[in-house]
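Please read the structure below before turning to the comments.
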Amino acid sequence: MSLVFASWNINSIRQREALVSDWLERHQPDVLCLQEIKCEEHQFPAVFAEKGYQTAIVGQKSYNGVAILSRHPMNVTHRRLPGFGHEAARYVEAEIQGIVFGNLYLPNGNSGGETGYDIKLDFFDALTHHARTMLAAERDFILLGDYNVCPTAEDHAPDALSPTDSLVRPESRAAWRRLVWSGLTDAQRVVQPQGRAFTFWDYQGMAFQRDSGLRIDHALLSPRLAERLETVQPDREERAKNQPSDHVPLIVRLQ
DNA sequence: ATGACCCCAAGCTGGGGA
């Protein structure tokens, strides 16, 4: 039996309800993790529940917000990232089919000066601690979402970012490596060790047409799940749709 | 040096995004 799940920063679920509905019809994933839903729970479209998906929504007004849609029974385990002391709606976690799905929207870090950037590193520290706790307990888990980090120079087009951008700052990349090297597997880099696998293209400057993109949406797998990995694919077609999100779904299939 | 694009809450402008 295979399991298909995806991560998608949707940049307002209310603006893109129809796009997501259409995508779900065509792909029929077991689980879809959304970020930047940009609404409160009571504003989240009802259509997904009507289609038979269970929903776990952690929202707030205007900004951030994450949600998990699941075809299977779901047990919500966290509505905030343990150890992260900020109120923003950036993490929701649920156990589905014996697997823990941690759906995260990591702070961008470019706003609010160094104080704002430190919040990004704080989130990374808390996430790494949480991952190590689950590794020690030998849980099967996936940490997926918008990490707002390009792990290496191959993960952004040469002209896509300033060298001082928080997505490529050395401290951001070091924090990423500390997390991954705790014992997790970057799914995309198993099926495609090198080269471009962008998941984001800016709205400005014809970035998609020029393929001036970033790889910032990631799925990290615990050891046993890494053994089951079949395919990983950013769904680039979605970026060519009318009024798309600036991110595309990252689709993962496990055996 | 500035704006570019898009979303949101407000309210016709500004913050945040990446």
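Here the structure is a predicted model, which means the values were calculated and not measured. Quick note on labels: first sequence line is chain A, next is B, and so on, each numbered from 1.
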Inset, instruction - Send over the distance from A:Asn11 CG to B:dC7 C1', rounded to a whole Å. - result: 6 Å
Inset, instruction - Figure out the CD1/P separation between A:Ile37 and B:dC8, and round it to whole Å. - result: 11 Å
Which nucleotide in the set [options] lies at the smallest distance from any side-chain heavy atom of [X]?
X	options	answer
A:Tyr203	B:dC5, B:dA18, B:dC8	B:dC5
A:Ile216	B:dC5, B:dA18, B:dA9	B:dA18
A:Ser111	B:dC7, B:dG16, B:dA18	B:dG16
A:Arg16	B:dG16, B:dC6, B:dA9	B:dC6

Inset, instruction - On the 0 to 90° scale, with breaks at 30° and 60°, tag the A:Tyr147-A:Trp176 ring pair as parallel, tilted or perpendicular. - result: perpendicular
Inset, instruction - Using a heavy-atom cut-off of under 4.0 Å over every strand shown, decide if A:Asp217 touches base, sugar-phosphate, or nothing. - result: nothing
Legend entry - A:Arg224 and A:Glu227: CA distance, side-chain angles, deciding distance, salt bridge (charged side-chain N to carboxylate O under 4.0 Å, His left out) verdict: CA-CA 5 Å; A:Arg224 279 190 298 264; A:Glu227 292 294 316; over 6 Å; no
Inset, instruction - Assert yes or no for the condition that the ring centre distance of A:His247 to A:Trp201 is strictly below 6.0 Å. - result: no
Inset, instruction - Between A:Asn9 and A:Lys38, name the one whose nearest nucleotide on DNA chain B is closer to the 5' end. - result: A:Lys38
Legend entry - 5'-most by nearest nucleotide on DNA chain B - A:Gln15 or A:Pro107: A:Gln15
